[in-house]
Amino acid sequence: MKGNPMSRRRILRTTAPLLAVALLAACGGTTQGDQDDGGGPGGTDATADPNAEYRTGLSVAMLPKSVNNPYFEASSSGAESVVNELEGAYEYTGPSDASASSQVSYIDTLSQQATDVVLLSANDPNALCSSLEQARGGGTVVVTFDSDVDPGCRDLFVSQVDSDEVGLTLLEMTAEQIGGEGEVAVLSATANATNQNAWIDAIGAELESNADYAGIELVDVVYGDDEDEKSFSETQGLMQAHPDLKAIISPTTVGIAAAARYLSGSQYQGEVALTGLGTPNQMREFVEDGTVAEFALWDPTALGELAAYTGAAAASGIITGAEGEVFTAGDLGEYTVGADGVVTLGPPTRFNADNIDEFDF
Ligand code: RAM
């Protein structure tokens, strides 16, 4: 991923990270590896050891929303390369449908296996909490990435991009493509997905508060459940229900690819705008055939790398999840833990006919 603008070294600065670590150290306590209070982010009774190094031999599992999604496969390849480098054992496991109830049994199995680190993209903010609580009680470090749970149910969250920034980017692209006027609809993933719901909320808030978007009306939100066929038919349904629709925003890689396939074979191609979050490899043909002008995403491989480093850092006592802690995520550079145990990867990149061929994921 070197040379990819999204993977450039990223140094996030905080006011006084070292001071924060020193203050925590002065309060005494134990390292993450020795304890788990399960009591929320920030590891209130734990301290990080700034001299600790990444432990070798960690067992790390990634549990995506669902398998067979190229987005999560890219994240998995990033995580796997980090775990290999740290001489650990890596596993990628999860359900074929993006539902929280399906994820529960995977969490339970991983915790029975005493997995050191679980990297989880959650299908629901609350439904996984009791399983996660049990896993953490047994010493497993739980790092969510991509889609969070309630902060009290995990150690850290590796966020791709600040949610408001995602919402804003989606709206900006939409407004540019429809000249700031008209009805728009959202084709989302599942109804309980923490990440998509945060982005949709951000779009709604921006529409209400920003006069630049006064001409845009959000008329519908539908759910394709991150399933290709359901997303395809929901797109068809949107077009039937809203004959004046000017744009579809699909903040899911599965949804946008299915919607593009529908539009490209329909009378709406080039007439109804489609934007959202997609992988360049899935969207290339639809940019080339004129169905899609511009969409965005972050680097999912780098997201997986950062999640793996974050989990390994927590399992090694380098960080506990407290705000202000700093750690080095290999070639990605130095990162600082933010409020609520959140570590943020970086801004999204927009893809269009001018740059899409520079990307291969
Ligand atoms: C899908 C998933 C994932 C989301 C991307 C943009 O692959 O819903 O959670 O982050 O789209």
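Order of appearance sets the numbers: ligands from 1, and atoms from 1 within every ligand. Residue indices begin at 1 and follow the sequence shown.
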Asks: Have a look at D226, N123, N195 and point out the one with the heavy atom closest to atom 2 (C) of ligand 1.
Replies: D226
Asks: So which heavy atom in the protein is nearest atom 1 (C) of ligand 1, and how far is it from that ligand atom?
Replies: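 For atom 1 (C) of ligand 1, the nearest protein heavy atom is T253 OG1, 3.3 Å.
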Asks: What about W298: any of its N or O atoms under 3.5 Å from an N or O on ligand 1?
Replies: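 By distance alone, the answer is no.
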Asks: Quick check: does any side chain N or O of S76 sit under 3.5 Å from a backbone N or O of F72, one acting as donor and the other as acceptor?
Replies: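 Flag not set: sc S76 to bb F72 has no pair under 3.5 Å.
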Asks: Atoms of ligand 1 less than 4.0 Å from N69 heavy atoms?
Replies: 1 (C), 7 (O)
Asks: Would you check the N or O atoms of Q196, main chain and side chain alike, for any that come under 3.5 Å of an N or O of ligand 1?
Replies: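 Between Q196 and ligand 1, an N or O pair is found under 3.5 Å apart.
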Asks: Between Q196 (side chain) and P251 (backbone), is there a donor-acceptor pair under 3.5 Å?
Replies: yes
Asks: Is it the case that atom CD in E53 sees more than 12 heavy atoms from other parts of the structure closer than 6.0 Å?
Replies: no
Asks: Quick one: which ligand 1 atoms are inside 4.0 Å of a heavy atom on W199?
Replies: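 Within the 4.0 Å cut-off of W199, ligand 1 contributes 10 (O).
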Asks: Which pairs pass salt bridge (Lys or Arg N to Asp or Glu O under 4.0 Å) with one or both residues in residues 230-256, sequence neighbours excluded?
Replies: D225-K230, K230-E234
Asks: At what distance is the nearest protein heavy atom to atom 9 (O) of ligand 1, and which residue and atom is it?
Replies: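 The answer is D146 OD2, 2.5 Å.
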Asks: Any salt bridge linking R55 with E87? Criterion: basic side-chain nitrogen under 4.0 Å from a carboxylate oxygen.
Replies: no
Asks: Provide the closest heavy-atom pair for G152 versus R136 in the form atom of the first, atom of the second, distance.
Replies: O-NH1, 3.3 Å
Asks: Purely on distance, is any nitrogen or oxygen of S147 under 3.5 Å from one on ligand 1?
Replies: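 No; the residue has no nitrogen or oxygen that sits under 3.5 Å from a nitrogen or oxygen of the ligand.
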Asks: Between CD1 of I256 and OG of S250, what distance do you get to the nearest 0.5 Å?
Replies: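 One finds 6.0 Å between CD1 of I256 and OG of S250.
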Asks: Pull out every atom of ligand 1 sitting under 4.0 Å from any heavy atom of F72, numbered as shown with elements.
Replies: 3 (C), 9 (O)
Asks: Taking 4.0 Å as the limit for heavy-atom contacts, which would you say applies to F145 with ligand 1: side chain only, backbone only, both, or neither?
Replies: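 Neither part.
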